[in-house]
Amino acid sequence: MQTHLLSTLKNHFGFDAFREGQQEVITHIIEGESALAIFPTGSGKSLCYQLSALQLPYLTLVVSPLLALMKDQLDFLKARNIPAASLDSTLTYDQYRQVVADIKDNKLKILMVSVERFKNERFRALMEEVALSLLVVDEAHCISEWGHNFRPDYLKLPSYKQALNIPQALLLTATATKKVKLDMASKFNVAASAIIQTGFYRSNLNLNVLAVPQAHKNTQLQQLIQHHAGCNGIVYVTLQHTAERVASYLQQAGINASAYHAGMKNEDRASIQESFMRGDIPLVVATIAFGMGVDKADIRYVVHYDLPKSIENYSQEIGRAGRDGLASDCYVLGNLESLNTIENFVYGDTPEQAGIALVLNHIVEHQQNGQWDMQLYQLSNAANIRQLTLKTLLVQLEMQGVLTPLYTYSAEYSVKLLCDQSVILAAFEGERRSFVECVLRNIQFKRTWGIVNFDGIYNTSASLGGSGERKRVITALEYFKDKGWIELKPSGAVEAFGVNTTAIDQDLASRLAQHFKQHEQSEIKRIALMLRFLQGSHCLSYGLAKYFDDQNAPQQCGHCSSCTGQGVTFVAPSVQQVDTTLLTSTAQALTEHLQAKGVAAPSRDLITRFLVGINVPVFTRTKAKTVPGFGMAEAMRYAAVYEALGG
């Protein structure tokens with residue numbers, strides 16, 4: 001077998017030898033076992049499923065967390081003539097149909113999808129039709145609630161594997177503590193012998209923690225960049241506006257740098273990333289939105305301008321440096337002044353029990369014949385739960401047996417005519433012409449664009465004896481578009497769920513609220529653990545390896561800031577406490593404002609969020625930030641403000 005695998009490695013991928021751990025993982029897969037591969041960032045995890053897929057008889061289904069990662073992987077595979085495709089939102093209708101046809105004809109070896117694709121009933125039905133050899137879960141730590149970057153949709157992957165009769169799974173990750181590792185293995189029944197973990201320690205990374213007051217950060221950063229003149233680097237920040245501000249400062253200092261964050265247009269982000277990969281822009285100042293799709297070998301330095309969110313985040317982000325094996329420097333510019341910002345991200349994502357109860361009531365009151373249709377933006381505003389957190393809540397309800405995802409459709413369709421309606425009507429006869437005439441008559445035009453009135457079509461079409469089903473209307477509109485008769489713009493995604501109301505008991509809202517509160521406290525502890533790690537007297541490289549259960553790292557690397565006698569302690573910032581009387585009077589003013597807008601008895605948590613400057617949907621909806629005092633206590637810890645209000 002070894003000779004055959006080496007031959008495949010050379011012929012398809014151009015490599016003469018396997019990296020550490022790769023052949024062992026592939027052998028487990030080929031022998032019919034599930035496996036878990038924990039390799040450091042940039043150590044060749046993807047090859048484990050790519051080569052395995054060529055040895056397996058049927059389709060390998062890969063779940064990837066990021067569109068950019070899928071694109072990079074597909075480009076790599078296609079360049080090596082390995083039949084692979086993705087089903088994602090960038091495909092045209094014809095491209096989508098071609099991929100589906102190739103799947104059914106068994107022409108593909110690898111199909112890449114996002115985890116959200118499993119919520120689509122049509123996709124699940126398609127997968128039930130075809131034979132599958134292997135389920136691959138990239139960034140598999142997302143499965144575990146004990147890990148960072150937990151994504152609730154990943155929780156359902158074990159049940160999908162079972163429902164689709166996929167015999168094996170391969171889990172891939174770079175960052176997993178012992179607890180997370182065992183959790184992942186348990187969920188997919190991976191034997192202990194099939195957990196392959198290579199050494200986490202990377203001797204070419206020089207880890208440095210510097211205690212830098214906030215006021216001196218820009219100067220310190222500029223000096224570090226000038227020390228690495230001519231080299232490629234990444235500067236990580238927490239907030240989008242910080243990325244813009246720091247990049248602007250560096251540009252004014254004559255340094256070729258660009259900001260990168262999720263608030264930018266997609267095309268601008270793509271352009272900056274491509275320029276960085278080519279070397280036209282040597283430095284990117286970025287939020288964590290930048291990185292997962294970046295595989296650049298010669299990044300010589302990574303700077304954390306703000307504190308990283310966790311040890312796991314820190315590990316992933318410094319892992320982008322020195323992938324060519326050459327010496328690279330990693331710096332944290334540390335102080336405690338940004339600690340509140342990191343913690344407030346956590347507090348802002350915890351839903352209140354009243355909001356959870358509202359969601360449950362909405363499900364019961366708005367379900368029809370066992371189906372509940374939901375628009376995320378509207379429900380987020382009504383329940384005062386951030387959209388990402390609301391998605392997490394909905395997945396928890398799936399896990400509780402309350403909801404079953406069915407499909408997603410667009411709430412509204414806008415139409416622009418590119419020809420006279422008579423041209424469209426002339427293409428049809430009989431009942432079909434009557435139906436098309438009905439559709440066109442129920443497009444309510446305002447100048448150029450019109451909105452399709454589905455209810456009007458249903459009512460009129462029924463009287464004509466035709467089918468007024470939504471699916472037929474949309475099929476007709478898509479046909480008009482393909483013929484070049486109209487432009488079509490769907491908008492307002494609606495998710496449809498099957499509902500089991502018997503699973504909603506009177507204590508469910510309370511249990512779910514407690515679950516989110518426990519997760520909140522776990523994340524706060526994770527931040528504290530990260531602070532202890534950065535300020536510890538131990539070797540940073542050894543501490544990092546030990547955290548990720550690497551038993552073979554040297555206890556002294558000899559080249560981190562701790563080993564060279566440069567260990568630090570972050571000085572607590574001198575915070576001017578806000579007068580309790582002022583906090584109380586502002587809380588009263590906010591309460592009166594919210595009650596006037598129909599928000600009854602705002603909770604202590606909600607008032608605390610206002611005072612420390614955490615924005616939530618209800619503040620936007622009620623224009624609460626017109627009340628003086630939003631963020632007045634942003635320099636204080638959340639818990640301190642909460643306690644002050646209780647006095």
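- Two residues are said to be in side-chain contact when any heavy atoms from C-beta on lie closer than 4.5 Å; Val359 and Ile356 fail this criterion.
- For the pair Ser86 (side chain) and Asp88 (backbone), a donor-acceptor distance under 3.5 Å is absent.
- Val415 and Phe445 get closest at one heavy-atom pair: O-CE2, 3.6 Å.
- Rounded to the nearest 0.5 Å, atoms CD (Gln162) and CG (Leu157) are 13.0 Å apart.
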Could you go through the side-chain contact (heavy atoms from CB on, under 4.5 Å) check for Gln240 and Met264 one step at a time? CA-CA 9 Å; Gln240 294 177 7; Met264 301 169 72; over 6 Å; no
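- Thr608 places a side-chain N or O within donor-acceptor distance of the main-chain N or O of Arg604, the cut-off being under 3.5 Å.
- Evaluation of the salt bridge (Lys or Arg N to Asp or Glu O under 4.0 Å) rule for Asp75 yields Lys71 as partners, not counting sequence neighbours.
- Without hydrogens or angle criteria, Asp420 side chain to Val423 main chain gives no donor-acceptor distance under 3.5 Å.
- Between Ser159 atom OG and Glu398 atom CD the span is 9.0 Å, to the nearest 0.5 Å.
- We find the CD-CG distance between Glu437 and Asn442 to be 11.0 Å, quoted to the nearest 0.5 Å.
- Of all non-hydrogen atoms in Gln73 and Tyr49, the two that sit nearest each other are OE1-OH, 3.2 Å.
- Salt-bridge check for Arg526 with Glu312: passed, with a basic side-chain N closer than 4.0 Å to an acidic carboxylate O.
- Checked by atom type, the side-chain pair Gln98/Asp94 shows no donor-acceptor distance below 3.5 Å.
- Gln367 contributes a side-chain N or O that, together with a main-chain N or O of Gly370, makes up a donor-acceptor pair within less than 3.5 Å.
- Nearest heavy-atom pair across Leu594 and Pro602 is CD1-CB, 3.7 Å.
- Ion pairing of Lys391 with Asp153 is absent here, as no side-chain N (NZ or NE/NH1/NH2) approaches a carboxylate O to less than 4.0 Å.
- Atom CZ of Arg432 sits in a sparse spot, with 12 or fewer heavy atoms from other residues, nucleotides or ligands closer than 6.0 Å.
- At a threshold of 4.5 Å between non-hydrogen side-chain atoms, the residues Tyr409 and Asp373 count as touching.
- The shortest non-hydrogen separation linking Ala589 to Val627 is CB-CG1, 4.1 Å.
- Within the 4.5 Å cutoff, the side chain of Leu417 has no heavy atoms near those of the Trp485 side chain.
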Taking it one step at a time, do Val499 and Ile363 satisfy side-chain contact (heavy atoms from CB on, under 4.5 Å)? CA-CA 8 Å; Val499 177; Ile363 292 170; 3.7 Å; yes
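- Considering only heavy atoms from C-beta on, Leu360 comes within 4.5 Å of Leu397 through its side chain.
- Interatomic distance, Leu590 CG to Leu611 CG, rounded to the nearest 0.5 Å: 7.5 Å.
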Output, in order, the C-alpha distance, side-chain angles, deciding distance and verdict of side-chain contact (heavy atoms from CB on, under 4.5 Å) for Leu87 and Tyr96. CA-CA 7 Å; Leu87 285 176; Tyr96 175 85; 3.6 Å; yes
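- When only modelled atom types and interatomic distance are considered, Ser271 and Asp268 share no side-chain donor-acceptor pair under 3.5 Å.
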Let's go through Val62 and Leu111 carefully: what are the C-alpha distance in whole Å and the side-chain angles of both, what is the deciding distance for side-chain contact (heavy atoms from CB on, under 4.5 Å) to 0.1 Å, and is it a yes or a no? CA-CA 6 Å; Val62 181; Leu111 176 68; over 6 Å; no
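- In this structure, the side chains of Asn453 and Ile443 stay at 4.5 Å or more apart for every pair of heavy atoms.
- Residues Glu478 and Tyr413 have side chains that never bring a donor and an acceptor to within less than 3.5 angstrom of each other.
- With salt bridges taken as basic N to acidic carboxylate O contacts below 4.0 Å, one links Arg472 and Glu431.
- Aromatic ring orientation, His362 versus His366: parallel (interplanar angle below 30°, classes split at 30° and 60°).
- Between the side chain of Ser380 and the backbone N or O of Ile385, at least one donor-acceptor pair lies under 3.5 Å.
- Looking at heavy atoms from C-beta onward, Leu74 lies out of side-chain contact with Ile110 at the 4.5 angstrom threshold.
- In this structure, Glu487 does not pair ionically with Lys481, as no charged nitrogen and carboxylate oxygen lie closer than 4.0 Å.
- In this structure a side-chain-to-backbone donor-acceptor pair under 3.5 Å is present from Gln95 to Thr92.
- Under a cut-off of 6.0 angstrom, the local environment of NZ in Lys107 is sparse, with at most 12 non-hydrogen atoms contributed by other residues, nucleotides or ligands.
- Here the OH atom belonging to Tyr160 is positioned 12.0 Å from the CG atom belonging to Leu61, to the nearest 0.5 angstrom.
- In this structure, Leu91 places its CG atom where more than 12 heavy-atom neighbours from other residues, nucleotides or ligands lie under 6.0 Å away.
- Residues Trp372 and Val364 have side chains not in contact (no heavy-atom distance under 4.5 Å, counting atoms from C-beta outward).
- Results of the ring-ring contact (aromatic ring centres under 6.0 Å, His included) test with Tyr347 over Tyr638, Phe516, Phe610 single out Tyr638 as the only residue that passes.
- With a 6.0 Å cutoff to the six-membered ring centre and a 45° limit on the axis angle, Lys309 counts as a cation-pi contact of Phe345.
- Distance check: Lys119 NZ to Ser114 OG gives 9.5 Å after rounding to the nearest 0.5 Å.
- Contact record, Phe497 with Pro405: CD2-CA, 3.7 Å, taken as the closest heavy-atom pair.
- A distance-only check finds a donor-acceptor pair linking the side chain of Thr389 to the backbone of Asp349 [under 3.5 Å].
- Counting heavy atoms from C-beta on, the side chains of Ile524 and Glu343 come closer than 4.5 Å.
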Side-chain donor-acceptor distances from residues 613-625 under 3.5 Å, at least two apart:
from, atom 1, to, atom 2, distance (Å)
Arg621, NE, Asn381, O, 3.2
Arg621, NH2, Asn381, O, 3.3
Thr622, OG1, Val618, O, 2.7

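- The closest donor-acceptor contact from the side chain of Asn340 to the backbone of Glu634 lies under 3.5 Å.
- Closest approach of Ile166 and Leu135 over heavy atoms only: CG2-N, 3.5 Å.
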